[in-house]
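As the structure is a prediction and not an experimental result, all values here were calculated from the model. The analysis underlying the following values was restricted to heavy atoms, covering all of them including side chains, and did not include hydrogens, waters or symmetry mates.
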Amino acid sequence: MNLVLIGMPGCGKTTLAKELQREMGWEMMDTDEMVVRWTGRRIADLFSISEERFRQEETKTLKRIMSLYDKKIIATGGGVVERRKNREILHKGGFVVFIHRELDEIKSLINYSRRPLLKEGREQALEELYQRRLPLYRDFCHMEVAMDRTIFQMARYLKEELKRKEIGL
C-alpha cells in the first residue's frame, strides 16, 4: 500500500512528501513529475492541448504508479480528485491523506504563474477550485490533517498517527 497525499495546489503536498521520505525511509513520487517523465511533455504543454488531455495522462500515470509500486509516498496534483477514475485508482492502492490548508494561506503562498488553471482570474479561479474540490477531498480521503505546523512537525505527526491507527503502511 502507498501513502497518497491530496490537497489544493500550494497546500504543501510535495514538501511534506519529501520530509515524510526522510522520516519514514520510503521513496517519494510526485505525480506531476511522473506525467512529465513518462509523456516527455511539460504540464503546460498538455494543458495547452486541453485540460482533458492532461487528465487522461494523469490517469494513465496513476494506474502505472499504483500497479508498479508499493510503500511509496505519492504527492498528487491538486486536481487529481476531479476524475472519479483517479479517486478509484488511488483509493484502491493507497491510504489517502487530505492535506488541508486554509484558502487565505494558500493565496499568500502560491505561485500563480506555474499553475495552468490559475493564470487568468487568479484569486477568483483559486477560490472556485477550492469550493469545488474541498468536498471531493473530504469525501475521498481516509484521513484529513490540517497544515498548521511546520513541515517537520507535520511529517512526525502523520507518521505517528498512521502508527497509532495501525495503518498497514
Given V4, N2, T31, the one that forms side chain to side chain contact (heavy atoms under 4.5 Å, CB included) with L90: V4

Validation row: M143, C141 side chains within 4.5 angstrom (heavy atoms): no

K85 side chain to T59 backbone, donor-acceptor under 3.5 Å: no

Side-chain heavy atoms of M8 within contact of R101, under 4.5 Å: no

Any donor-acceptor pair under 3.5 Å from Q153 side chain to T150 backbone: yes

Residues which pass side chain to side chain donor-acceptor pair (under 3.5 Å) with T39, listed by chain and number, not counting sequence neighbours: none

Test item: Y137 side-chain N/O and G78 main-chain N/O as donor-acceptor pair under 3.5 Å: yes

M147 CE to F98 CZ distance, which is reported to the nearest 0.5 Å: 11.0 Å

Side-chain donor/acceptor of T15 to backbone N/O of G12, under 3.5 Å: no

OG1 on T14 to CG on L5, rounded to 0.5 Å: 8.5 Å

Nearest atoms (heavy-atom pairs only) where I73 meets A17: CG2-CB, 3.7 Å

Between Q124 and E128, a side-chain donor and acceptor under 3.5 Å: yes

Over-ring placement of R149 relative to Y157, 6.0 Å and 45° cut-offs: yes

Rounded distance [0.5 Å steps], CZ in R37 versus OG1 in T61: 11.0 Å

Spacing of CG belonging to D70 relative to CD1 belonging to I65, to within rounding of 0.5 Å: 13.0 Å

R138 and H100: CA distance, side-chain angles, deciding distance, side-chain contact (heavy atoms from CB on, under 4.5 Å) verdict: CA-CA 9 Å; R138 286 191 163 140; H100 185 196; 3.2 Å; yes

Side-chain heavy atoms of T76 within contact of I74, under 4.5 Å: yes

Atom of E57, atom of L46 and distance for their closest heavy-atom approach: CG-CD2, 4.2 Å

Under the side chain to side chain donor-acceptor pair (under 3.5 Å) test, residues paired with R87 that sit two or more places apart: none

Name of the residue among Q56, E58, E52 meeting side chain to side chain donor-acceptor pair (under 3.5 Å) with R83: E52

Check: N86 side chain, V81 main-chain N or O, donor-acceptor pair, under 3.5 Å: no

R64 side chain reached by M34 side chain, heavy atoms, under 4.5 Å: no

F140/H91 aromatic ring centres below 6.0 Å: yes

Distance in Å, L3 CG paired with K159 NZ, rounded so as to fall on 0.5 Å steps: 12.5 Å

Side-chain touch F47/R55, heavy atoms, less than 4.5 angstrom: yes

Side chain proximity check, W38 to E33, heavy atoms < 4.5 angstrom: no

Flag side-chain contact, heavy atom, 4.5 Å: M154 against V145: yes

Residue pair V97, L158: steps toward the side-chain contact (heavy atoms from CB on, under 4.5 Å) verdict: CA-CA 9 Å; V97 178; L158 194 49; 4.0 Å; yes

F95 backbone acceptor or donor facing H142 side chain under 3.5 Å: no

Any donor-acceptor N/O pair, Q21 side chain to M28 backbone, under 3.5 Å: yes

Closest approach of W26 to K72 (non-hydrogen atoms, all atoms of both residues): CE3-N, 3.6 Å

I49/R41 under side-chain contact (heavy atoms from CB on, under 4.5 Å): CA gap, chis, key distance, verdict: CA-CA 11 Å; I49 297 168; R41 293 183 151 168; 3.3 Å; yes

Salt bridge (charged side-chain N to carboxylate O under 4.0 Å, His left out) evaluation trace for R133 with E82: CA-CA 7 Å; R133 291 177 179 172; E82 298 276 357; 2.8 Å; yes

Distance, nearest 0.5 Å, that separates CG of L20 from CZ of R156: 11.0 Å

